[in-house]
Amino acid sequence: MSYCCPVDPEKKKEWEDKMLQEIDFLDNDIKKASEIFSALGHPIRLKIAYFLSQRDHCVCELIFKLNERQNLVSHHLSILKKLRDR
C-alpha cells in the first residue's frame with residue numbers, strides 16, 4: 001500500500017492521519033533530544049556525564065576531578081538530575 005499523496009478521500013484521510021502521527025512523534029523526540037543536548041551543552045556537565053558513565057562517583061570525587069567549587073558541581077548535578085527525572 002502506497003502512502004504517497006492519495007487521491008481517494010478516504011485514503012487521503014488515512015494518509016494525513018499517519019503523517020500527523022509521525023510529526024507528533026518527531027516533535028516529542030526532538031524536544032527530548034534538545035533537552036539532553038542543552039543539559040550536556042555545558043563543559044562541566046559534559047565532564048560529569050563522562051565521569052559518571054565510567055563509574056559511580058561521590059560529589060567530593062567530582063569536585064576534585066573538576067577542580068571546581070562544591071556549590072557549582074552540585075548546581076550542575078541538579079540540572080542533570082532534573083533531566084533524568086523527566
Side-chain angles (χ1 to χ4, degrees):
M1 179 174 181
S2 175
Y3 290 105
C4 187
C5 309
V7 177
D8 177 80
E10 188 175 306
K11 298 284 185 201
K12 183 175 182 178
K13 175 70 175 136
E14 288 176 22
W15 178 84
E16 288 173 347
D17 290 343
K18 182 179 181 341
M19 295 298 108
L20 288 173
Q21 287 176 350
E22 289 177 2
I23 290 170
D24 288 343
F25 288 127
L26 175 67
D27 287 346
N28 290 334
D29 290 344
I30 294 297
K31 185 174 188 277
K32 288 177 189 175
S34 176
E35 291 170 355
I36 292 168
F37 287 128
S38 178
L40 295 176
H42 192 284
I44 291 176
R45 290 192 293 269
L46 191 54
K47 287 177 185 178
I48 290 170
Y50 172 77
F51 290 141
L52 293 176
S53 74
Q54 302 302 303
R55 66 174 179 84
D56 287 344
H57 287 72
C58 66
V59 175
C60 62
E61 290 176 314
L62 293 172
I63 291 167
F64 181 82
K65 286 184 173 185
L66 295 166
N67 193 29
E68 296 289 349
R69 295 180 325 274
Q70 182 272 330
N71 62 334
L72 184 63
V73 173
S74 292
H75 168 73
H76 288 292
L77 283 168
S78 174
I79 291 171
L80 292 172
K81 184 180 183 309
K82 286 178 188 173
L83 178 67
R84 183 192 69 191
D85 293 342
R86 289 183 187 168

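The figures that follow rest on heavy atoms only: side chains count, while hydrogens, waters and symmetry mates do not.
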Could you walk me through whether Lys47 and Glu68 pass the side-chain contact (heavy atoms from CB on, under 4.5 Å) check? CA-CA 12 Å; Lys47 287 177 185 178; Glu68 296 289 349; over 6 Å; no
Just how far is it from atom [atom1] of [X] to atom [atom2] of [Y], taken to the nearest 0.5 Å?
{"X": "Asn71", "Y": "His76", "atom1": "CG", "atom2": "NE2", "result": "9.5 Å"}
{"X": "Glu16", "Y": "Lys13", "atom1": "CD", "atom2": "NZ", "result": "6.5 Å"}
{"X": "His75", "Y": "Arg69", "atom1": "NE2", "atom2": "CZ", "result": "10.5 Å"}

Inspect the surroundings of CG in Asn28 and state if more than 12 heavy atoms from other residues, nucleotides or ligands are less than 6.0 Å away. yes
State, to 0.1 Å, how close His57 and Glu61 come at their nearest heavy-atom pair, and which atoms those are. CA-OE1, 3.1 Å
For a quick test of reading the model, state the closest non-hydrogen atom pair linking Arg45 to Ala39 and the distance between them. NE-O, 2.5 Å
If the condition is side-chain hydrogen bond (donor to acceptor under 3.5 Å, both in side chains), which residues does Gln54 pass it with, not counting sequence neighbours? none
Working note: Glu22 + Lys18, criterion salt bridge (charged side-chain N to carboxylate O under 4.0 Å, His left out); need CA distance, chi angles, decisive distance, verdict. CA-CA 6 Å; Glu22 289 177 2; Lys18 182 179 181 341; 2.5 Å; yes
Residues that, via side-chain heavy atoms closer than 4.5 angstrom, fall in one hydrophobic cluster with Leu77: Ile36, Leu40, Ile44, Leu46, Ile48, Tyr50, Phe51, Leu52, Val59, Leu62, Ile63, Leu66, Leu72, Val73, Leu80, Leu83
